Number of protein chains: 2
Amino acid sequence: MGVNRNGSADRGTAEKVLSAASRLFYANGVRAVGMERIVAESGVAKTSVYRHFHAKDELVAAFLEWEDREFWRQWDGIVAAAPNNPKAELMSLLDWIGKRVTRDGYRGCPQINVAAEFADPEHPARKIRRRHKAEMLKRLRDIVGRIGVTRPGDTAMQLGLLIDGAFTSDGRLSKASAVRILQNGAEALLAGT
Amino acid sequence: MGVNRNGSADRGTAEKVLSAASRLFYANGVRAVGMERIVAESGVAKTSVYRHFHAKDELVAAFLEWEDREFWRQWDGIVAAAPNNPKAELMSLLDWIGKRVTRDGYRGCPQINVAAEFADPEHPARKIRRRHKAEMLKRLRDIVGRIGVTRPGDTAMQLGLLIDGAFTSDGRLSKASAVRILQNGAEALLAGT
DNA sequence: GTATAATGATACCGATCGGTAGCGCTGTCA
DNA sequence: TGACAGCGCTACCGATCGGTATCATTATAC
């Protein structure tokens, strides 16, 4: 067996490690998960883990980078499937987010959660989070710009706050109401001053 | 010396410990701070620390309970100073929150930050956070009820999301714009569907 | 005085932390 | 066949984790 048949580095092993680490980090927090547990649950020897990721911080960064890419991949998928209309686009995204934050096992935004564990603003997790949230703001700003509001910067920020609030809502949003609350809230913000 | 002269337990020592622990927990995260450091920076012997708080979790809970009480104490102060008018009350609270989240050294809502470090929903930190956020929702619901909106539950939740978003904004809100963005956002949400 | 209660200092506990060394095994490619 | 690369296994490292035991010191109350 083995996935690779080419001369490049084997991706199967690194992926097994990253997959197990991501699941454990998200479910338990980074500092609560020891490397030994990642070794055990990935089925990869400790030596090999450290051959692919030279330190735990690298693994943390790889986790957040992956989450970042995956988030925007799904975002782009929603946008592509939405009617070619900025308001409908935003509503589709909020439908996606509303379902996302109320699905089983959802434990908040990984960027926010992990960054909260590291005080140093120069820690990789903090940098990746800043970039991720800046990208979010940029995209929201683009959408509200196309919709046409009087203060697009403010409105984009307000939508960003609403979304980050939903990310940290921790069960306070129900499956039945989350999408409605987000979409109606966005409508109100778009119509606002 | 010594602060106590009555028969009850000495509060000075416990307060020194809680004060140092609170500062360290908030600035660095709970798991990043060892008990030895709390001993060192509080100036209280380890034995005495454990005489007042039987485990680290108890200290964590005491920190969040104190933050909770202090938050509502300030909230009540804002409300008391505001004009007797639910909308002005809400605007005063958002003025307070906007300044709070942009002040130096602000590192997010302690309830959110600490709860993110503990996966078990029955951990004291998680329970205190749930209670804190439920209280927030209740108070917002009361205010918007007095203002009179068509769906007070939804509007209160939207305001809560906006506020929690501000709490986790991590420098994205500037001193110049935070209050305006929050207040205008709330106005829009109140006027919404 | 003397009893009582609280604190401080030091040394220590087993467990776990992130990370490394050494060595043998296995599969691929020339 | 032989070189080589990637992986697994075991044992280990110093440091730190949360928490405890022992005992001396201090201050107040009677």
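For clarity, every value in this text was computed on a predicted model and none was experimentally measured.
Ion pairing between a basic and an acidic side chain is recognised when a charged N comes within 4.0 Å of a carboxylate O; Asp170(B) and Arg129(A) show such pairing.
Closest to the side chain of Arg51(B), out of dT7(C), dG19(D), dC7(D), is dT7(C). Each of dC9(D), dT20(C), dT7(C) was ranked by its minimum atom distance to the side chain of Tyr50(A); first place goes to dT20(C). If you check dC9(D), dC17(D), dG18(C) against the side chain of Lys56(A), the one that comes closest is dG18(C). When distances are taken from the side chain of Ala55(B) to each of dG19(D), dC7(D), dG8(C), the shortest belongs to dG19(D).
Heavy atoms of Val17(B) sit nowhere under 4.0 angstrom from any nucleic acid atom. At a threshold of 4.0 angstrom between heavy atoms, the contacts of Val33(B) are confined to the sugar-phosphate backbone, with no base atom among them.
For the pair Leu59(B) CG and dG18(D) C1', the interatomic distance rounds to 12 Å; values are reported in whole Å. Distance, Glu117(A) CD to dG18(C) P: 12 Å, rounded to whole Å. Rounding to whole angstrom units, CD1 of residue Ile38(A) and C1' of dG19(C) are separated by 13 Å. The separation between Glu15(A) atom CD and dG6(D) atom C1' is 16 Å, rounded to whole Å. Computed from coordinates, the Arg31(B) CZ to dC17(C) P distance equals 10 Å when rounded to whole Å. In this structure, the CE atom of Met35(B) is 10 Å from the P atom of dT20(D), given to the nearest Å.
An OP1 or OP2 oxygen of dT7(C) is reached within less than 4.0 angstrom by a side-chain nitrogen or oxygen of His52(B). At least one side-chain nitrogen or oxygen of Thr13(A) sits closer than 4.0 Å to the OP1 or OP2 atom of dC7(D).
Heavy-atom neighbours of Lys127(B) NZ from other residues, nucleotides or ligands within 6.0 Å: at or below the threshold of 12.
In terms of modelled atom types and a separation under 3.5 Å, the side chain of Ser169(A) and the main chain of Arg172(A) share no donor-acceptor contact. Checking side-chain atoms of Asn113(A) against main-chain N and O of Arg107(A) turns up a donor-acceptor pair under 3.5 Å.
For dG19(C), the base has a donor-acceptor partner in the side chain of Lys46(A) [N/O atoms by modelled type, under 3.5 angstrom]. Evaluation of atom-type donor-acceptor distances gives a pair under 3.5 Å for the side chain of Thr47(B) against the base of dA9(C).
The residue among His54(B) and Arg37(B) whose nearest nucleotide of DNA chain D lies closer to the 5′ end is Arg37(B).
Linking Ile, Leu, Val, Met, Phe, Trp and Tyr whenever their side-chain heavy atoms come within less than 4.5 Å puts Ile143(B) and Met157(B) in one cluster.
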